[in-house]
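Working notes, beginning with the structure itself.
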Amino acid sequence: METCDVLVVGGGPGGSSVAWALRDAGLDVVAMDRCAFPRDKICAGWITPQILEELAVDPEFYAKGRVLQPIHGFRVRRIGDREARTHAKRTDEPDEPISYGIRRCEFDHFLLERSEARLRLGEPLRSLERRGGCWRVNGALETPVVVGAGGHFCPVARRLGAGGGDPEPIIAAQELEFELPAAERAACPIEPEAPEIFFTADLKGYGWVFRKGSYLNVGLGRQDRGQLSGHVERFLAFLRDEGRLPGGLPRRPRGHAYLLYGEAPRRWVDDGVLLVGDAAGLAYPRSGEGIRPAVESGLLAARQLASAPAFDAAALAPYAEALEARFGAREKRLRVGLTDLLPDALVQRLAGRLFASPWFARHVVVDRWFVHAHEPALAT
Ligand SMILES: Cc1cc2nc3c(=O)[nH]c(=O)nc-3n(C[C@H](O)[C@H](O)[C@H](O)COP(=O)(O)OP(=O)(O)OC[C@H]3O[C@@H](n4cnc5c(N)ncnc54)[C@H](O)[C@@H]3O)c2cc1C
């Protein structure tokens, strides 16, 4: 029977961050993923510079042979309204990118390989049995701790009860990423340094069109999952009418669902187990971005595992406290938004004005909701 000190189930940014941060702790870590890497992941692929800082990734090194698209501003609008263009360029600061575009097939593969974990790729978690304070995994591996990093449908999270009660209030999103042929690249009006964000008229979601190197990523996410494909089709038609998309797309968009932080409190910790990233339901509520919460929860989990005197639920409980200290108390999140309290017509008028305001677009939408400029990188 093979053994290890920590088994990480899922090799996305959450799982690879746990493994990478544990490499100096003298623990023998195995990372298991049902996919062989490099694998694709449905995602727009924008990340904030804080992620690279937290993971000590040198942008220059990473960009060698991989896509790392610097982003210096966004173009924001609500569909049907005027656009507000934001630029992060400040005269008193060097013009550092406020965000980057990556391709998940490259980014996740790079992070997983760099983690130095022993890899079991192309192997799904099939069975997880508790035997005498240890886990027996797939009948072939024994470990005292399992980290559930398998995304929204993580089997370890399900073992902790996720998805077993009332339906979880997921968000659903679809995207399509493809390489632009050289002729279309030259004619493409999307500026690589300024992704375009389009909030839907009812404010229940947003679409984007985003160019990274020679690749174009287009997609839309909504809080109500019903009719998502119809919303996406209409959004693509709108972009074509505006001349922002080439006529023919190489394939249909693909979708995925996940949880926003605080919407459905999952159990994060139990005896010999903890959850990170989408498995824990940590994506930012405003933007739906989940890569940074996955990375940060991975780093916090590793910190806890490296210092825990034992791996029972009580000994791992400080990890849950660390998550709440970082992302906010989940029980106390205001469930009723302003849009629920005000008459619809007033909300529509206010929203039209706000999203067309360069100040709001830059300081609220971009800096706070998307870039999280107010939240420095997690201290290491
Ligand atoms: C359309 C769309 C666009 C998005 N755009 C962005 C964005 O631009 N920026 C951003 O920050 N976030 C974005 N997100 C969210 C982001 O993709 C996720 O929050 C992020 O990938 C979570 O990372 P993770 O490591 O927790 O899980 P994942 O990246 O989902 O990784 C989970 C891994 O677990 C593996 N796995 C699953 N089941 C098993 C099993 N049974 N056994 C073994 N392995 C298993 C999977 O193969 C996968 O490799 C987007 C999401 C969607 C749907």
Side-chain angles (χ1 to χ4, degrees), residues 7-19 30-48 50-51 69 71 74 99-105 107-109 111-112 115 119-128 137-138 146-159 170-177 195 197 205-208 210 212 217-222 225 228 232 253-261 266 275-298 301 369-372:
L7 171 71
V8 180
V9 177
S16 60
S17 298
V18 182
V30 169
M32 172 185 284
D33 200 293
R34 67 178 173 191
C35 297
F37 276 55
R39 61 101 177 85
D40 219 354
K41 165 76 182 83
I42 296 171
C43 188
W46 55 62
I47 58 165
T48 48
Q50 294 96 321
I51 293 177
Q69 174 63 59
I71 295 171
F74 284 80
S99 197
Y100 288 103
I102 48 95
R103 301 193 68 220
R104 291 293 298 271
C105 52
F107 186 69
D108 291 16
H109 189 212
L111 293 181
L112 189 59
S115 74
L119 302 181
R120 291 176 77 128
L121 302 180
E123 178 178 351
L125 180 79
R126 285 185 297 268
S127 64
L128 191 59
V137 181
N138 289 356
V146 173
V147 177
H152 178 69
F153 299 102
C154 179
V156 185
R158 282 208 296 274
R159 170 96 190 199
I170 50 165
I171 59 160
Q174 290 186 359
E175 62 87 25
L176 167 67
E177 183 166 298
I197 296 177
Y206 69 87
W208 64 86
F210 172 29
K212 30 190 170 178
N217 187 298
V218 56
L220 179 134
R222 285 183 66 83
R225 63 196 302 193
L228 179 65
V232 172
R254 291 174 307 154
H256 188 59
Y258 57 114
L259 284 171
L260 301 178
Y261 185 77
R266 289 186 168 186
L275 303 181
V276 302
D278 277 4
L282 302 181
Y284 287 133
R286 292 284 181 197
S287 65
E289 286 165 278
I291 300 175
R292 185 169 171 195
V295 167
E296 294 188 349
S297 58
W369 293 358
F370 280 83
V371 175
H372 289 258

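Order of listing sets the numbers, starting from 1, for every ligand and every atom in it. Keep in mind it's a predicted model, so treat the numbers as computed, not measured.
Among protein heavy atoms, the minimum distance from atom 9 (N) of ligand 1 is reached at Trp46 O, 3.0 Å. The shortest contact between atom 12 (N) of ligand 1 and any protein heavy atom is with Gly290 N, 2.9 Å.
Only the side chain of Ala294 comes within 4.0 Å of ligand 1, counting heavy atoms alone; its backbone N, CA, C and O stay farther away. Contact annotation for Phe153 and ligand 1: no heavy atom of the residue comes within less than 4.0 Å of the ligand. With a 4.0 Å heavy-atom cut-off, ligand 1 is reached by the backbone of Ala149 but not by any atom from C-beta on. If you look at Pro155 next to ligand 1, the close heavy atoms, those under 4.0 Å, all belong to the side chain.
Proximity annotation for atom 43 (C) of ligand 1: of Glu177, His152, Arg34, Arg34 comes nearest, heavy atoms only. Evaluated by nearest non-hydrogen atom to atom 33 (C) of ligand 1, the leading choice among Asn138, Val232, Asp33, Asp278 is Asp33. Of the listed options Leu125, Leu220, Leu275, Leu125 places a heavy atom closest to atom 40 (C) of ligand 1. Nearest-heavy-atom check against atom 27 (O) of ligand 1 across Cys35, Gly151, Gly45 picks out Gly151. Here atom 21 (O) of ligand 1 lies nearest to Arg104 when heavy atoms of Gln174, Arg39, Arg104 are compared.
Short contacts between ligand 1 and Gly14, defined as distances under 4.0 Å to a heavy atom of the residue, involve ligand atoms 25 (O).
For the ring pair (Phe, Tyr, Trp, His ring centres under 6.0 Å) with Phe74, the qualifying choice from Trp208, Phe210, Trp46 is Trp46, the only one to do so.
On a distance-only criterion, Ala283 and ligand 1 share no N/O pair closer than 3.5 Å.
Ring planes of Tyr206 and Phe370: perpendicular class, angle over 60° (limits at 30 and 60°).
The backbone N or O of Gly45 lies less than 3.5 Å from no partner atom in the side chain of Arg104, so there is not a single donor-acceptor pair.
Between Arg126 and ligand 1 there is no heavy-atom distance shorter than 4.0 Å.
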